[in-house]
Amino acid sequence: MAKMIKLVSGDGAEFEVEEEVAFQSKIIKDIVADADDVIPLPTVSSKVLIQVIEYCRKHAAVNSFPLSPSSSAAAAASSSSSISYSKPVSDPALRAWDNEFVKLNNSSLFDIVIAANYLDIEELVDLVLETVADRIKGKQAQEIRRQFNIENDFTPEEEEALRRENSWAFQNN
Amino acid sequence: MEWDSESEGSNGDEEEGFLLSGGSGGPFSFAVEGVLGPASSCGLVVSDALEPDHPIIYVNRGFEESTGYRAEEVLGRNCRFLQCRGPFAQRRHPLVDATIVSEIRRCLEEGIEFLGDLLNFRKDGSPLMNRLQLTPIYGDDETITHFIGIQFFTDTNVELGPLLSSAVKESARPNRLITEHVFRPVSLGHTHICREFCSMLQLSDEVLCQKIFSRLCPRDIASVGSVCKRLYQLTKNEDIWKMVCQNAWGSETTRALETVPGAKRLGWGRLARELTTLEAAAWRELTVGGAVEPSRCNFSACAVGNRVVLFGGEGVNMQPMNDTFVLDLNSSNPEWRHVKVTSAPPGRWGHTLSSLNGSSLVVFGGCGTQGLLNDVFILDLDAQSPAWREISGLAPPMPRSWHSSCTVDDTKLVVSGGCADSGVLLSDTHLLDVTMEKPIWREIPASWTPPSRLGHSLSVYDGRKILMFGGLAKSGPLRLRSSDVFTMDLSEDEPCWRCITGSGMPGAGNPAGIGPPPRLDHVAVSLPGGRILIFGGSVAGLHSASQLYLLDPTEETPTWRVLNVPGSPPQFAWGHSTCVVGGTRAIVLGGQTGEEWMLSELHELSLVSSIINVKEDD
């Protein structure tokens with residue numbers, strides 16, 4: 001029988017999960033080491049916690065095997081000194097599942113990334129931020145504002161100057 | 001620690017010494033004694049007290065090593081950037097003690113000495129404790145002209161978390177991703193959270209830059225910068241542009257770009273723009289010294305960094321040659337130099353020369369004294385004594401000449417097509433990983449291959465994709481010049497050839513855009529970002545060989561475009577004797593006519609502003 005950990009969300013809901021699932025979170029792993037099996041997470045709502053647990057459950061199986069030397073070298077080689085991404089998900093089925101998982105609106109994604117960061121689940125943080133980057137790609141400024149609900153604080157003159165300054169990016173050469 | 005701020009001249013074990021020019025007085029020299037201790041932990045900063053906001057005018061090596069910031073990155077700025085976590089943060093980090101900062105400000109205003117401990121950050125975001133001593137320096141007329149800061153840096157275990165930039169809230173641990181400027185307090189304990197404000201802008205500058213913007217291409221960064229003022233400020237940062245360029249074009253290209261003399265002055269933002277628009281592309285003529293003797297044609301040329309390497313060729317009596325020459329374009333007076341190698345491959349012409357990672361080149365095939373070849377030789381130009389080293393790969397392809405080659409992943413040689421013994425044209429494609437212990441050639445099986453050909457070009461784009469263009473191709477019983485474009489993605493499990501656009505392909509229809517007239521032995525330049533530039537070669541009919549054509553195979557519907565570029569192009573340009581230097585210029589070797597190989601007159605197609613045209617910042 002797998003060891004179970006109890007997670008308690010901010011609104012008081014309790015979730016029992018297998019140890020290896022909960023250990024996707026480095027924070028929980030550290031806390032449990034101090035012999036504490038019930039972990040309160042006051043800043044995480046149950047809605048978000050359910051989603052995070054779902055992600056952890058899916059990824060627990062993959063992460064239970066240690067990185068082989070070649071794949072960690074590949075991960076190291078693919079990251080430059082100033083950028084740190086967690087190792088890319090190589091299993092196509094898992095990648096597809098991740099892509100489905102992040103089909104959420106921006107505010108839900110934001111909740112998840114905050115919780116994942118709090119719980120120190122690096123891969124989930126990177127997954128969400130990568131999704132945000134994908135939502136920016138190929139968009140013009142106005143679309144990006146609409147997508148992320150950002151206010152345009154430029155004056156019309158500033159906008160015109162910007163349009164001219166950036167016109168190079170939008171012509172087809 | 002005591003030192004005399006007004007001592008002049010040098011002492012016995014002087015560690016630092018530099019010349020400052022005072023405001024109204026003449027220059028005075030300043031020497032600091034060796035009491036500063038090991039240079040690596042001690043920083044020395046001098047700031048100009050007469051200029052607004054006290055810009056830094058000098059930092060020592062100890063400062064550079066301790067903080068990770070190079071002098072050129074910080075000169076002219078106020079020292080307070082050390083209180084921000086990393087080069088992207090726009091605000092002082094919340095854990096920096098504000099009372100100390102006020103105390104420093106007070107001392108500077110009153111012109112008195114400051115001594116205290118302040119939290120600072122290295123360029124990589126790691127925390128440093130800075131025991132800082134600030135001392136005013138007086139000029140001749142008793143006004144303060146400079147401040148000297150001496151910093152003893154020590155590592156500190158302040159708990160920051162990977163992305164911390166927020167004020168500590170009521171939650172059990174600090175939230176690492178959010179900035180201090182939260183629009184209204186949010187209680188995350190409730191299930192229903194109403195957000196009227198933008199969640200993305202709550203992320204810290206570091207997260208925005210390192211985790212989101214760094215994944216975008218140059219065009220997207222331009223869009224992002226037009227969204228709002230904060231994002232505009234972030235995208236002005238040169239470090240973001242460098243990361244974006246590295247991601248978009250690969251680290252090998254960006255490293256090559258860094259070695260281009262004008263690149264540093266252009267900056268990554270401008271480089272990204274110029275390599276996207278090609279607005280500064282121009283032809284120039286270049287005269288170089290030295291000589292490649294005995295004279296020859298049908299040699300191969302390739303660039304290693306900013307050096308052009310030439311190997312082999314066909315001499316006046318049609319004898320295959322095996323000597324190696326180098327032209328260093330970084331030098332102020334570039335000239336051809338013969339490279340003394342301890343062992344040379346058998347002489348040849350009609351071979352290919354391609355660059356590998358670092359400073360290595362690889363030769364394959366060609367026609368030698370005993371017939372066609374299929375051997376592989378590698379030269380490391382930067383080795384102590386450069387030597388050509390044979391790579392015996394198992395199962396080599398058929399010997400051939402006038403094939404095409406390219407390098408994928410900087411380590412895998414790809415060879416395709418060409419002409420075999422008895423003049424038979426080939427259409428096979430082979431790959432060799434030269435870094436393996438025992439390299440083995442691997443033929444890339446394809447259920448369908450383009451018609452066999454020689455004198456075509458093979459270019460790498462978008463990672464591991466290759467693009468084949470033109471050549472003299474088999475067409476029934478005939479051989480015709482071709483303008484077909486085929487691509488293959490080598491990262492697929494079963495790579496296959498795809499026809500993009502072509503004249504002679506059944507069912508291909510009209511080529512999209514104004515395509516280049518069919519040709520062989522032309523030049524194909526891979527631009528950062530995936531586009532291919534085509535010019536030169538032996539062109540059918542009366543078409544000019546110097547017209548430039550551009551194709552982006554990553555587009556939905558790849559379309560040929562004509563590129564008009566000022567300057568006078570060479571009349572002829574050949575694929576085997578043109579090479580791309582530093583990712584930004586194509587150097588065409590060869591003189592006025594196709595026959596005369598005057599290697600002292602070169603034509604250069606530069607894709608970005610040349611160092612001569614860039615305005616000096618005085």
Side-chain angles (χ1 to χ4, degrees), chain A residues 9-13 27 40-48 80-85 106-107 109-111 113-115 117-118 120 122 125-126 129-130 132-134 136-145 147-154 158-159 162-163 165-166 168-173, chain B residues 124 161-163 169 171-173 175-178 187-193 195-203 207 210-232 239 242-243 246-247 251 273-274 276-279 531 550 552 559 561 563:
Chain A
S9 71
D11 42 349
I27 294 302
L41 302 169
T43 58
V44 185
S45 73
S46 46
K47 169 176 178 251
V48 175
S80 83
S81 55
S82 56
I83 310 168
S84 55
Y85 303 146
N106 289 329
S107 109
L109 278 187
F110 183 67
D111 292 337
V113 79
I114 295 298
N117 181 62
Y118 179 80
D120 199 357
E122 197 186 335
V125 170
D126 275 0
L129 296 177
E130 194 187 316
V132 173
D134 286 340
I136 296 177
K137 281 180 188 164
K139 290 201 166 70
Q140 309 242 0
Q142 184 52 24
E143 295 167 78
I144 297 176
R145 284 188 206 117
Q147 163 86 246
F148 294 98
N149 214 17
I150 300 176
E151 196 199 316
N152 180 3
D153 55 356
F154 292 118
E158 286 169 333
E159 271 209 274
L162 270 176
R163 231 191 305 273
E165 185 184 322
N166 288 327
W168 65 271
F170 306 113
Q171 340 163 309
N172 248 336
N173 220 38
Chain B
D124 66 6
L163 296 163
K169 299 198 279 189
S171 53
R173 277 179 30 254
N175 188 319
R176 299 164 181 164
L177 288 184
I178 308 186
S187 167
L188 291 174
H190 296 117
T191 49
H192 178 66
I193 295 153
R195 288 190 196 286
E196 288 152 4
F197 49 87
C198 163
S199 25
M200 181 163 99
L201 288 185
Q202 285 197 32
L203 298 174
V207 174
Q210 293 189 353
K211 299 273 186 175
I212 300 181
F213 297 160
S214 59
R215 292 186 148 108
L216 304 175
C217 73
R219 281 200 157 105
D220 289 330
I221 298 292
S223 298
V224 162
S226 309
V227 168
C228 68
K229 288 189 168 144
R230 176 167 166 227
L231 295 186
Y232 177 78
D239 286 307
K242 181 170 179 185
M243 275 199 300
Q246 240 171 338
N247 271 352
S251 46
R273 171 184 161 146
E274 290 195 356
T276 304
T277 58
L278 299 177
E279 63 201 51
R531 288 166 302 164
L550 204 57
D552 186 351
T559 306
R561 291 183 173 89
L563 188 66

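The sequence lines fix the lettering, A, B, ..., with proteins before strands; numbering per chain opens at 1.
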Quiz prompt | A:Arg145 side, atom CZ; B:Leu231 side, atom CG - distance, nearest 0.5 Å | solution = 10.0 Å
Quiz item: At what distance, to the nearest 0.5 angstrom, does CZ of B:Arg219 lie from CD of A:Gln140?
Solution: 10.5 Å
Quiz item: Taking only residues two or more places apart in sequence or in another chain, which ones pass side chain to side chain donor-acceptor pair (under 3.5 Å) with B:Lys229?
Solution: none
Quiz item: With a 4.5 Å limit on heavy-atom distance, are the side chains of A:Leu162 and B:Tyr232 in contact?
Solution: yes
Self-check item: Any residue meeting side chain to side chain donor-acceptor pair (under 3.5 Å) with B:Asp220, in chain and number order, not counting sequence neighbours
Solution: none
Quiz item: Looking at A:Lys137 and B:Arg215, what are the two nearest heavy atoms and their distance?
Solution: CE-O, 3.5 Å
Self-check item: Atom group of A:Glu158 that falls short of 4.5 Å from chain B, counting heavy atoms
Solution: side chain
Quiz item: Mind checking whether B:Leu203 and A:Leu129 have side chains closer than 4.5 Å, heavy atoms only?
Solution: yes
Quiz item: Between CD of A:Glu159 and OG of B:Ser226, what distance do you get to the nearest 0.5 Å?
Solution: 8.5 Å
Quiz item: Can you say whether A:Glu165 sits under 4.5 Å from chain B via the side chain, the backbone, both, or neither, judging by heavy atoms?
Solution: both
Quiz item: If you count heavy-atom pairs under 4.5 Å with chain B, which of A:Ser9, A:Ala13, A:Gly12, A:Ala133 comes out on top?
Solution: A:Ala133
Exercise. Could you grab the distance from atom CD1 of A:Ile150 to atom SG of B:Cys228, nearest 0.5 Å is fine?
Key: 5.5 Å
